[in-house]
Amino acid sequence: MTRVLLAPRTLRAILPAVSLALLLAAIFWLQPRTMSYTGLNLMLNLAIPIALATIAQMFVLCVNELDLSIGAYVGYVACVTATWLVDNPPLGIAALLAGILVYAGLGALIHLRNLPSIVVTLGMSFVWLGVAVLILPRPGGTSPEWIRWLMKLHTPVVPFPIIAATVIAVVVHVALMRTAYGSILRGAGGNPRAIDRAGWSLLKIKVVMFALAGLFGMLAGMALIGLTTSGDANIAARYTLLSIAGAILGGCEFVGGRVSPAGAVIGAITLTLAGSFLSFLRISPDWQIGATGAILILVLALRALINRAEERR
Amino acid sequence: MSAARNPLARPLARLLEKPWLWAFVGATLVWLATIPFTPGRGAGDVLTAAFTFATFFVIVGIGQMFVITLGPGNVDLSIPATITLAGSVATKLMDGQDALIALGFVAALGCGLAVGAVNYALIRALRIPPIIATLSSSFLIQSTAIAYGRGLRIKPPPMLAEFTTARIFGMPVLAICVILLAAVMAVVLERTIYGRSVIAIGQNQRAARLAGIAVDRTRLATYVMSALFASLCGYLLAAFSGGASLNMGEEYLLASIAVVVIGGTSVAGGFANLPGLWGAALFLFLIVTMLNTYGLGAGIRYVLTGLIIIAVITAAGGRKPLR
């Protein structure tokens, strides 16, 4: 039993959950009042859009690419949702679908021309930001009624953010980790040549993964507007870095198609809670970004230790 | 037409093969498209401004280029944070006094040295891809800079500020210095063991190691150098813009990578060239100037900047590396 528990594989898998549990325990100890329905609701609300953006980033990481435009894209979706989706729903829906199409096109472009995704998505981040500024030059707009209703939902017993996070994790986990096509998708990150030889189109896989990233980025932007009720082009600028950090925290490897949807959601929640933890400690918000970096380095160091132990066997 | 009959054909053909040529062609075209629309400001003024701002792009671009040349996955994302940290530390230490210019310089480079060493320590000790290592460390550096520089409103020493804005016949003195710096680094890249090692590692790290190249030492030196150039940029930029600010490094993430890519250096590593950095930096600045001159709003300007970068990388990406 202990051997199974201490196996590097198990340790690696439970590391994200353990870090989250430790952080949560520390917060409860510092501020016992957070251990309530309202407390958890308030602390975890903003974790939902971040978790969705992290899942989006995870899809891209899965095929060995990196998306540096996700924050700007979520900002674009937020601006569309806060304006067109309210005033002119067909136009709004078309703009959101266009976003997903652009993502799919980027996947194809990156694959066909063998381009570095960092540069392409860095360029795209300017495009999204520019379009968002054109749609909504000044912060404003309103949230569509139904999104606000959904995000402010008062579920019985368990706070809505926890239910939402669980649903996101389970749905993506089942789709990506438990279906046949899901393992093909992950395989394209692990050994593209093998997948190619087996007759699967790598182009199609990249397009699918980027479109999924676009879809989840869209959900993130809509969820964010449901919480903030007004839009701004720069509303999600932090999401690019948060999503990468969250995915890595949750056990996604940078190459090789090793990803974990549940881990990514847990990673996103950990990062959100880290902010609350610092403010309960009365540490200046200046160190908020630094804490993200420190947590990231700490978890990566632990993982490196586990990997080294594995090699020694 | 054979090369023997036309003595100009051979050098011309060789020039056309240079990967950096297109960045300069692009910069020239954009410049020509801009000058008819700049009443009051002459073509020379536009060029002076371009050289002034391109200088800072080139300084960070040199470091980033050596890092990217190390091969796939190698990129330094901590450049913006390092710029901010070095700028803030140097400005605070110098406290506006001319006598302390040298101290500030040493302090800025000290920041760079520390950042580079930490970056490489993370890459080696944690065995994580450089992108993640430099990203994580950039969070820490950024926070340090914010905490250290809060409420920082110190003017740079007047002599240093004067040096960064000085001109000779309309040409910024700083730009001349950085052109010389680029020339020196071109020699380092092409003619020294270190430079050839960087290129060899980028082409095939395993082969380089088997050939007896000190791979670890070369990579360490490259990451430290990138951070040093970023801190130098922060030091000069703080002096040039009348003090350090917390977002002074922001645009340099895109800029440092873009000048390398547009300049014709292979993003897959193993092939680099210095002149392209200058062409690309001028091109990037002139594009923004052109869009500004045409009176386009911020939104359109962002969109076009992004699309141009994607278009350039798409055009360049299809080219097979020359072997």
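In the text below, chain A, chain B and the rest are named by the order of the sequence lines, each starting its count at 1.
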- Which of the residues A/G290, A/S284, A/A294, A/S69 is involved in the greatest number of heavy-atom pairs with chain B at under 4.5 angstrom? A/G290

- With a 4.5 angstrom heavy-atom cut-off, which part of B/L135 approaches chain A: side chain, backbone, both or neither? side chain

- Task: Against chain B, work out which of A/N64, A/L122, A/L68, A/L106 has the most heavy-atom pairs shorter than 4.5 Å and name it.
- Result: A/L122

- Message: Can you tell me how far apart CG (A/L298) and OG (B/S136) are? Round to the nearest 0.5 Å.
- Response: 11.5 Å

- Message: Are there residues of residues 125-139 of chain A whose heavy atoms fall under 4.5 Å of chain B's heavy atoms? If so, which?
- Response: A/F126, A/V127, A/L129, A/G130, A/V131, A/V133, A/L134

- Contacting region of A/I118 [heavy-atom separation from chain B under 4.5 Å]: side chain

- For the candidates B/I309, B/I131, B/I257, which exhibits the highest count of non-hydrogen atom pairs separated by less than 4.5 Å from chain A? B/I131

- Query: If you count heavy-atom pairs under 4.5 Å between each of B/T305, B/L122, B/L140, B/I128 and chain A, which one has the most?
  - Reply: B/L140

- Note on the structure: Residue pairs passing the side chain to side chain donor-acceptor pair (under 3.5 Å) test with at least one member in residues 271-283 of chain A, sequence neighbours excluded, are none

- Item | Under 4.5 Å from a heavy atom of chain B, the part of A/I248 involved | side chain

- Message: At a 4.5 Å cut-off on heavy atoms, which part of A/L112 comes close to chain B: side chain, backbone, both, or neither?
- Response: neither

- Honestly, the part of B/A268 sitting under 4.5 Å from a heavy atom of chain A is neither

- Message: How about OH on B/Y302, more than 12 heavy atoms from neighbouring residues, nucleotides or ligands closer than 6.0 Å, or not?
- Response: no

- Query: Looking at A/V120, A/V119, A/I110, which makes the most heavy-atom pairs under 4.5 Å with chain B?
  - Reply: A/V119

- Item | Contacts of residues 230-247 of chain A with chain B (heavy atom under 4.5 Å) | A/L241, A/I244, A/A245

- Item | salt bridge (Lys or Arg N to Asp or Glu O under 4.0 Å) contacts in which one or both residues fall within residues 110-136 of chain B, not counting sequence neighbours | A/E311-B/R127, B/R124-B/D216

- Item | Atom CG of A/L302 with >12 non-hydrogen neighbours under 6.0 angstrom | yes

- Message: Looking at every heavy atom in both B/I310 and A/M124, which two are closest together, and how far apart are they?
- Response: CD1-SD, 3.4 Å

- Query: Could you give the distance from CD1 (B/I132) to CG (A/L296), rounded to the nearest 0.5 Å?
  - Reply: 7.0 Å

- Message: Report which part of B/S138 has an atom under 4.5 Å of a heavy atom belonging to chain A: side chain, backbone, both, or neither.
- Response: neither

- Query: Atom CD in A/Q288, atom CD1 in B/I146: separation rounded to 0.5 Å?
  - Reply: 10.5 Å

- Query: Atom CD1 of A/I297 and atom CG of B/L126: how far apart are they, to the nearest 0.5 Å?
  - Reply: 7.5 Å

